[in-house]
Student: 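Please read through the structure below; I'll follow up with questions.
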Amino acid sequence: MKMLINVPETVVADALRGMAAAHPELSVDVANRVVVRGDAPVAGKVGVVSGGGSGHEPLHGGFVGPGMLSAACPGEVFTSPVPDQMVRAAAAVDSGAGVLFVVKNYTGDVLNFDMAAELAEDEGIQVAKVLVNDDVAVTDSLYTAGRRGTGATLFVEKLAGAAAEEGAPLERVEAIARRVNDRSRSFGVALSAVTTPAKGSPTFDLPEGELELGIGIHGEPGRERRAMMTSREIADFAVHTVVEDLRPSSPVIVLVNGMGGTPLLELYGFNAEVQRVLTERGVPVARTLVGNYVTSLDMAGCSVTLCQVDEELLRLWDAPVQTAALRWGR
Amino acid sequence: MKMLINVPETVVADALRGMAAAHPELSVDVANRVVVRGDAPVAGKVGVVSGGGSGHEPLHGGFVGPGMLSAACPGEVFTSPVPDQMVRAAAAVDSGAGVLFVVKNYTGDVLNFDMAAELAEDEGIQVAKVLVNDDVAVTDSLYTAGRRGTGATLFVEKLAGAAAEEGAPLERVEAIARRVNDRSRSFGVALSAVTTPAKGSPTFDLPEGELELGIGIHGEPGRERRAMMTSREIADFAVHTVVEDLRPSSPVIVLVNGMGGTPLLELYGFNAEVQRVLTERGVPVARTLVGNYVTSLDMAGCSVTLCQVDEELLRLWDAPVQTAALRWGR
Amino acid sequence: MTDQKPDRTLDTDFFRRWLTAATAMVEREAGRLTELDSAIGDADHGSNLQRGFRSVMTELGKESPAGPGAVLVMAGRQLISTVGGASGPLYGTLLRRTGKALGDTPEVTYEQFTEALRAGVAAVAQLGGAKAGDKTMIDALEPAAEALGTSFRAAAEAAEKGALATVPLQARKGRASYLGERSIGHQDPGATSSALLIAALADTAEATP
Amino acid sequence: MTDQKPDRTLDTDFFRRWLTAATAMVEREAGRLTELDSAIGDADHGSNLQRGFRSVMTELGKESPAGPGAVLVMAGRQLISTVGGASGPLYGTLLRRTGKALGDTPEVTYEQFTEALRAGVAAVAQLGGAKAGDKTMIDALEPAAEALGTSFRAAAEAAEKGALATVPLQARKGRASYLGERSIGHQDPGATSSALLIAALADTAEATP
Ligand SMILES: Nc1ncnc2c1ncn2[C@@H]1O[C@H](COP(=O)(O)OP(=O)(O)O)[C@@H](O)[C@H]1O
Ligand SMILES: Nc1ncnc2c1ncn2[C@@H]1O[C@H](COP(=O)(O)OP(=O)(O)O)[C@@H](O)[C@H]1O
Ligand SMILES: [Mg+2]
Ligand SMILES: [Mg+2]
Ligand SMILES: [Mg+2]
Ligand SMILES: [Mg+2]
């Protein structure tokens with residue numbers, strides 16, 4: 001598998017250098033692997049910090065900026081970052097109002113963010129944490145590490161970020177983040193495996209006529225392998241699975257998310273099918289976002305995330321955001 | 001090759017339905033394949049219309065909106081649209097101030113837009129045309145169809161669109177577009193071939209250890225095949241080729257563009273190398289844009305476009321833009 | 001198979017059957033045309049023509065253009081409105097200009113058709129700016145128009161020969177020209193489809209008493 | 001190869017050499033660890049440990065921690081600060097807590113080390129919440145800590161056996177648990193690397209007079 005890289009070891013540092021060059025409005029610490037909005041700390045504002053393995057771009061670094069994340073900590077490819085990064089990020093953005101850690105529910109992210117929270121609190125920073133665990137493909141039981149965090153991360157970061165930008169105190173920002181996570185569900189599908197720089201070959205073997213249902217964003221195989229399905233059938237399956245779990249009673253925001261290797265042309269076509277199923281099921285749609293936001297390197301495939309919103313959450317969604325990957329309003 | 005589609009025949013129509021659902025601010029005519037900004041025609045404003053084969057998303061439909069294109073005409077995948085679409089688009093956006101056609105220099109696009117211009121003029125619409133031909137991989141001689149239009153299309157559409165938004169008359173908008181094209185050059189590289197829905201298999205066979213230099217955005221093989229190169233070497237080669245041809249004497253805007261299948265992580269890393277070469281060559285950089293903008297379906301690879309700007313062009317670049325794929329300002 | 005009687009007349013039905021035969025030919029060979037286009041182009045020539053000729057068939061089923069000229073003008077317009085790409089305007093112009101040159105009589109002579117097709121081919125050459133040897137459809141169409149002076153079958157054979165002769169050429173027009181020397185060694189898709197069109201013409205003539 | 005003398009004492013150098021042997025083991029087996037992780041995880045376990053142990057080596061070259069405890073605490077911190085993922089905090093905690101339990105004496109007895117390692121393993125179990133049979137590193141570490149009551153080599157053999165025994169298990173912790181029944185039939189990468197660490201320990205002991 002060919003990649004546009006120098007050597008696997010420097011992929012993350014190289015990307016951070018390139019990001020720094022393209023985004024003078026961010027302050028990128030390449031050596032310590034922290035991406036911070038340029039005007040941090042903002043007086044009186046709660047800091048919202050996230051992070052996770054690299055390879056999901058634009059998540060999280062592309063969501064740093066006014067109205068969303070205060071800072072992001074990119075780990076190695078598909079590897080949670082280390083506590084040092086998170087502590088540094090927290091210190092860089094804390095104005096005394098405290099910091100919210102947005103943590104995708106993976107053992108590695110949870111353990112590292114937990115350690116970081118302890119260390120940051122030792123430094124006198126007030127820290128709250130919210131776990132994102134929206135992936136309905138994973139049974140949430142004693143027999144798993146719990147549901148994974150996938151597409152809902154974008155919703156949590158956007159809405160908690162907007163609340164923080166409005167000046168909400170830490171408990172309120174945390175409560176919003178938790179509400180968004182509670183009301184969000186995702187389901188993902190892979191048409192191809194992923195190739196990480198370190199491994200250099202696909203993480204699993206997916207034959208021509210098959211797809212994986214219920215995949216995550218780290219190249220793990222899904223829950224089930226099936227004969228290839230059409231866009232229509234995939235939308236039926238994915239939306240059905242999400243809606244059955246979420247059972248939304250008010251309008252939803254829809255994220256039709258590409259895994260990276262699927263062309264935007266196909267994602268838009270898939271969105272047409274997703275909207276059809278939602279209409280058939282009587283689920284009103286308040287907003288729709290289509291694109292590659294929570295990706296898995298070069299994997300072909302997509303995920304659908306629904307977030308059931310009330311008036312406040314919809315207002316926070318529409319609030320201005322100025323990041324590399326998500327921008328509107330103002 | 002697996003795709004997230006129903007059948008190849010409906011790919012473009014499906015995508016337009018999905019786009020319509022995601023973007024209520026656009027008026028999308030699915031049957032006639034025209035994407036128009038919702039508030040068109042804008043009184044007194046010159047219309048800027050582009051179009052081309054589908055498969056290059058977000059180009060062109062993702063660039064429709066205030067500050068950029070007035071309308072876009074998507075053809076079949078990698079196939080220029082037909083004159084009927086362009087005439088319809090021109091009629092939808094013309095406020096009496098005339099319409100500029102932004103045409104990428106491919107035989108098909110040129111012939112179809114030429115026919116459309118004649119027909120539109122028959123309907124009393126004043127039409128100007130600008131050809132985009134920035135690809136330095138193609139010799140511009142009697143022995144070719146001339147240079148191809150690739151990444152510079154984004155610059156032409158953005159800057160001409162900004163001029164039109166400011167109220168510039170048709171000749172002025174056309175002159176800006178021509179100036180931008182004259183001052184822009186691109187070079188592209190493919191790490192993999194592309195698979196079109198109609199063909200269903202890669203357009204050419206690119207072995208593991210090789211890459212194609214000087215490719216276009218339609219899955220055509222490039223000018224030359226070489227042993228795989230590092231990000232550093234590719235940047236050296238591509239930037240060198242562009243700079244030798246452009247010989248910029250003032251700052252440039254840099255577009256580091258992904259072909260669709262290359263992860264953003266790699267594109268940012270590649271940007272670091274591009275910036276290094278520009279620094280080494282003493283070319284000052286005014287702005288940088290990194291992302292998948294002028295794509296070729298699922299092709300892995302990238303292109304570099306430089307646009308040498310003066311104060312006016314830089315102001316037009318920074319001017320507000322509100323489209324699906326490019327947004328800033330206001 | 002009858003002799004090709006260059007002294008025959010051709011009626012509206014003849015042209016409808018030519019277009020039908022051409023459509024069938026395109027359907028059968030679409031895969032090969034796209035394959036040829038994927039070697040030196042963008043892998044769409046077969047599906048482009050399929051889309052165009054299918055819509056010609058649909059239109060022919062709805063409308064009843066009166067006279068050979070009207071049939072070809074309608075078909076040409078239809079190709080222009082549905083194909084796109086380089087081949088849409090070029091083939092559209094070929095049929096439209098040939099049709100226009102036929103005028104609006106209910107029948108045309110073989111000589112009238114020969115003249116008209118030459119006018120159509122000239123219009124294609126003018127629109128696309130291609131000359132013989134540039135590795136385009138012109139390399140099949142020009143020899144075909146020339147050999148039509150002899151017979152339909154001679155035209156078909158000349159077109160086929162012209163298409164095959166594009167293999168060693170370096171392209172100077174269209175997408176294949178971007179490849180420079182790498183375009184050498186491949187048969188031009190447009191010349192190939194042109195040969196199919198003229199073969200369909202000869203087949204139609206031979207199936208017509 | 002000497003007998004393993006559970007009544008011996010272990011000095012600072014012993015622990016430095018253990019870490020060096022472990023690093024060499026990780027370097028040699030990184031590909032296999034990543035391969036195992038790609039079957040039921042995310043294909044990074046080998047490169048994660050490589051990065052971590054390389055940085056432990058760099059740090060060992062710069063600093064001279066005094067005493068076995070200090071060596072392990074430093075190594076644990078280094079793993080936490082450089083590995084990330086699940087294995088970084090877990091292995092980091094293993095070494096740090098084992099080191100802390102060793103105290104700051106210049107030498108420790110075999111019994112002291114056995115106790116300390118058991119404390120380290122207990123800390124890993126507490127941090128990750130995994131029990132024996134969950135298909136994690138615990139399935140190698142717990143039997144190893146137990147068998148250390150006998151000898152270094154017995155510990156290594158128990159760890160190896162524990163790692164092999166993860167194959168038929170269904171994962172209940174970590175990334176592999178997402179796979180449900182599909183995790184069955186694959187050896188756990190973390191249990192495998194744990195067996196390597198303990199093998200390196202036994203090798204070090206046997207190379208030490
Ligand atoms: N300037 C031209 N003059 C004549 N024929 C041309 C010209 N450019 C291209 N062609 C013909 O068009 C064919 C390609 O058609 P098609 O693949 O449908 O369009 P596109 O190149 O736009 O994808 C070529 O094989 C060639 O025969
Ligand atoms: N909760 C846990 N308790 C103990 N060990 C665990 C736990 N979760 C994961 N592991 C171990 O970690 C290993 C994976 O490590 P690694 O691949 O480096 O991290 P990640 O899973 O974050 O990619 C697994 O094979 C397993 O042995
Ligand atoms: Mg990992
Ligand atoms: Mg084409
Ligand atoms: Mg073509
Ligand atoms: Mg792993």
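Here is the naming used below: chain letters follow the sequence lines, and residue numbers restart at 1 for every chain. These values consider heavy atoms only, across backbone and side chains, with no hydrogens, waters or symmetry-generated copies.
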Student: Given a strict heavy-atom distance threshold of 4.5 Å, which part of A/His56 is in contact with chain B: side chain, backbone, both, or neither?
Tutor: neither
Student: With a 4.5 angstrom heavy-atom cut-off, could you sort out which part of B/Pro74 is near chain A: side chain, backbone, both or neither?
Tutor: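 It is neither, since no heavy atom gets under 4.5 Å.
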Student: Hey, which of A/Arg17, A/Glu210, A/Met19, A/Glu208 has the most heavy atom pairs under 4.5 Å with chain B?
Tutor: A/Glu208
Student: Only pairs of heavy atoms separated by less than 4.5 Å count here; which of B/Asp14, B/Val256, B/Leu206, B/Val7 has the most with chain A?
Tutor: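 With the most close heavy-atom pairs to chain A, the winner is B/Asp14.
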Student: Once rounded to the nearest 0.5 Å, what's the spacing between atom CG of A/Asn6 and atom CZ of B/Arg232?
Tutor: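 The distance works out to 7.0 Å.
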Student: Between A/Glu266 and B/Leu4 (side chain of the first, backbone of the second, donor and acceptor by atom type, cut-off under 3.5 Å), is there such a pair?
Tutor: yes
Student: With chain B as the partner chain, list the residues of residues 289-301 of chain A whose heavy atoms fall under 4.5 Å from it, by residue number, and write 'none' if nothing qualifies.
Tutor: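 Expected list: A/Val290, A/Leu297, A/Asp298.
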Student: Who wins among B/Ala21, B/Gly260, B/Gly261 for the most heavy-atom pairs under 4.5 Å with chain A?
Tutor: B/Ala21
Student: Which atom pair, heavy atoms only, marks the closest approach of A/Ala15 to B/Tyr268?
Tutor: O-CB, 3.5 Å
Student: Find out whether A/Ile5 and B/Thr230 are in side-chain contact, i.e. whether some heavy atom of one side chain is under 4.5 Å from a heavy atom of the other.
Tutor: no
Student: Identify which of A/Pro24, A/Ala13, A/Ala20, A/Ala272 forms the greatest number of heavy-atom pairs closer than 4.5 Å to chain B.
Tutor: A/Ala272
Student: Got a donor-acceptor contact below 3.5 angstrom from the B/Lys2 side chain to the A/Pro207 backbone?
Tutor: yes
Student: Need one label for A/Ala324: side chain, backbone, both or neither, based on atoms under 4.5 Å from any heavy atom in chain B.
Tutor: side chain
Student: Can you tell me which portion of B/Ala325 sits under 4.5 Å from chain A's heavy atoms? Options are side chain, backbone, both or neither.
Tutor: neither
Student: Can you say whether A/Pro197 sits under 4.5 Å from chain B via the side chain, the backbone, both, or neither, judging by heavy atoms?
Tutor: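 Nothing of A/Pro197, per the 4.5 Å heavy-atom cut-off to chain B.
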Student: Tabulate below the donor-acceptor pairs under 3.5 Å that side-chain atoms of residues 274-283 of chain A make, not counting sequence neighbours, or state none.
Tutor:
residue	atom	partner	partner atom	Å
A/Gln275	NE2	A/Asn271	OD1	3.0
A/Gln275	NE2	A/Thr288	OG1	3.0
A/Arg276	NE	A/Glu273	OE1	2.8
A/Arg276	NH1	A/Asp236	OD1	3.4
A/Arg276	NH1	A/Glu280	OE1	3.3
A/Arg276	NH1	A/Glu280	OE2	2.9
A/Arg276	NH2	A/Asp236	OD1	3.4
A/Arg276	NH2	A/Glu273	OE1	3.1
A/Thr279	OG1	A/Gln275	O	2.8
A/Arg281	NH1	A/His240	ND1	2.8
A/Arg281	NH1	A/Glu244	OE2	3.4
A/Arg281	NH2	A/Glu244	OE2	2.6

Student: Does any backbone or side-chain atom of A/Val285 lie under 4.5 Å from a heavy atom of chain B? Answer side chain, backbone, both or neither.
Tutor: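 For A/Val285, no heavy atom lies under 4.5 Å from chain B.
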